[in-house]
Amino acid sequence: MIIAIDGPAGSGKSTIAREVARRFCFDKLDTGAMYRAVALSALDRGVDLDDEPAVDDLANTISIRFPPREGSTTRIEVDDVDVSDAIRTPRIDSCVSKVAAYPGVRTAMLTPQRAFAEGRDVVAEGRDIGTVVFPAADIKIFLTADPAERARRRVLQRHEDDDLTLDDLADEVQRTLDAIRRRDELDSSRDVAPLTAAPDAVEIDSTAHTIDEVVTMIADLIQERRGA
Ligand code: CDP
């Protein structure tokens with residue numbers, strides 16, 4: 001069974017995909033991490049992000065792997081180097097959408113994404129899972145949330161262990177909101193595989209729902225589908 005979860009930045013896809021995967025013993029595929037890994041590799045190797053053919057080449061050359069999980073965090077390696085933390089920085093946030101818009105990069109990611117799901121039950125999350133990667137997915141979810149709420153969640157997630165003042169947090173929420181809006185705009189307006197709900201996707205607005213409530217909605221859909 002394949003569950004596709006698409007949606008904009010900070011809508012809760014990762015947390016919800018992780019929890020659904022845990023409940024049903026499915027494997028989780030974080031496709032955003034793959035685009036982040038391409039952006040990071042380009043920066044690390046001095047490849048100019050505006051040089052589309054060079055970025056395409058790089059995407060076709062690097063080897064991206066998801067080693068077994070440690071606890072609840074997904075690990076990701078590029079050419080056997082763990083980049084799980086390095087891909088989640090504001091620097092990568094601000095440039096990942098540029099490389100993800102290159103058709104050559106997207107084609108390079110498609111084969112490993114589909115190979116990952118061969119012969120197993122998978123919860124895959126991203127922007128184009130229900131539309132392009134797995135158009136025949138058994139269940140498609142389009143997860144949204146109010147942009148201000150998405151920025152707030154992202155900042156709280158980033159500073160889980162920090163002791164920041166409310167003023168510092170408010171400033172960062174505003175900066176994050178601007179960054180999220182820019183990324184949503186780039187992801188939704190690109191020519192290839194833009195962020196959009198598949199016609200047969202179930203849209204869930206998570207603004208006013210807890211993670212548990214959203215997970216339960218998806219779990220109910222899975223049970224229904226299994227019983228069908
Ligand atoms: O976690 P967050 O929602 O902030 O982003 P992500 O899922 O890690 O994705 C990072 C970026 O990768 C997105 O902003 C898109 O530009 C790109 N992406 C994509 O183009 N297609 C996907 N299937 C997944 C991510």
Side-chain angles (χ1 to χ4, degrees), residues 2-18 28-43 49 52 55-56 59 64 66 73-76 78 83-114 116-117 122-135 137 140-147 149-158 173 175-198 201 206 211:
I2 293 183
I3 319 294
I5 305 183
D6 290 303
S11 55
K13 296 183 303 288
S14 285
T15 313
I16 281 154
R18 189 188 313 131
K28 172 167 131 33
L29 173 64
D30 178 351
T31 61
M34 300 173 77
Y35 293 99
R36 287 173 178 274
V38 174
L40 176 74
S41 304
L43 292 177
L49 295 187
E52 184 172 343
V55 179
D56 287 356
I64 298 178
F66 291 98
T73 33
T74 305
R75 311 305 298 173
I76 178 166
V78 174
V83 294
S84 317
D85 297 325
I87 59 168
R88 310 229 174 254
T89 61
R91 179 167 168 246
I92 300 297
D93 283 353
S94 66
C95 70
V96 59
S97 293
K98 172 178 276 196
V99 308
Y102 293 153
V105 170
R106 303 204 71 81
T107 308
M109 296 301 111
L110 205 51
T111 310
Q113 286 168 5
R114 289 187 177 151
F116 184 93
V122 167
V123 183
E125 48 131 336
R127 302 289 187 288
D128 61 338
I129 307 300
T131 50
V132 175
V133 184
F134 299 118
K140 298 181 186 178
I141 307 294
F142 195 76
L143 192 63
T144 60
D146 177 70
E149 175 61 16
R150 292 193 272 126
R152 198 185 67 86
R153 287 179 189 167
R154 197 32 70 95
V155 170
L156 290 179
Q157 182 184 41
R158 202 178 287 147
V173 168
R175 278 197 302 277
T176 305
L177 178 57
D178 295 341
I180 277 182
R181 286 207 164 112
R182 270 196 303 278
R183 193 141 61 92
D184 286 353
E185 168 60 24
L186 286 171
D187 290 342
S188 310
S189 62
R190 67 181 174 222
D191 291 336
V192 179
L195 166 66
T196 182
S206 72
I211 290 166

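Just so you know, ligand 1 is whichever comes first in the structure, and atom 1 is the first atom listed for that ligand.
- The protein heavy-atom contact nearest to atom 1 (O) of ligand 1 is R154 NH2, 3.2 Å.
- Proximity of K13 to ligand 1, defined as any heavy-atom pair under 4.0 Å, is confined to the side chain (atoms from C-beta onward).
- In terms of protein heavy-atom proximity, atom 25 (C) of ligand 1 is closest to G32 CA, 3.4 Å.
- Among all protein heavy atoms, the one lying closest to atom 17 (C) of ligand 1 is A100 CB, 3.7 Å.
- When the options T15, V96, D184, V105 are ranked by their closest heavy atom to atom 11 (C) of ligand 1, first place goes to V96.
- Looking at D187 against ligand 1, only its side chain comes within 4.0 Å, counting heavy atoms.
- We find that R152 and E149 are joined by a salt bridge, their nearest charged nitrogen and carboxylate oxygen being less than 4.0 Å apart.
- Compare R127, Q113, M34 by their heavy atoms: the one nearest to atom 22 (C) of ligand 1 is in R127.
- We find that R88 and D85 are not joined by a salt bridge, their nearest charged nitrogen and carboxylate oxygen being 4.0 Å or further apart.
- Between E125 and ligand 1, no pair of N/O atoms sits closer than 3.5 Å.
- Looking at ligand 1, you'll find an N or O of S97 within less than 3.5 Å of one of its N or O atoms.
- With hydrogens left out, the protein atom closest to atom 21 (N) of ligand 1 is R106 NH2, 2.9 Å, a heavy atom.
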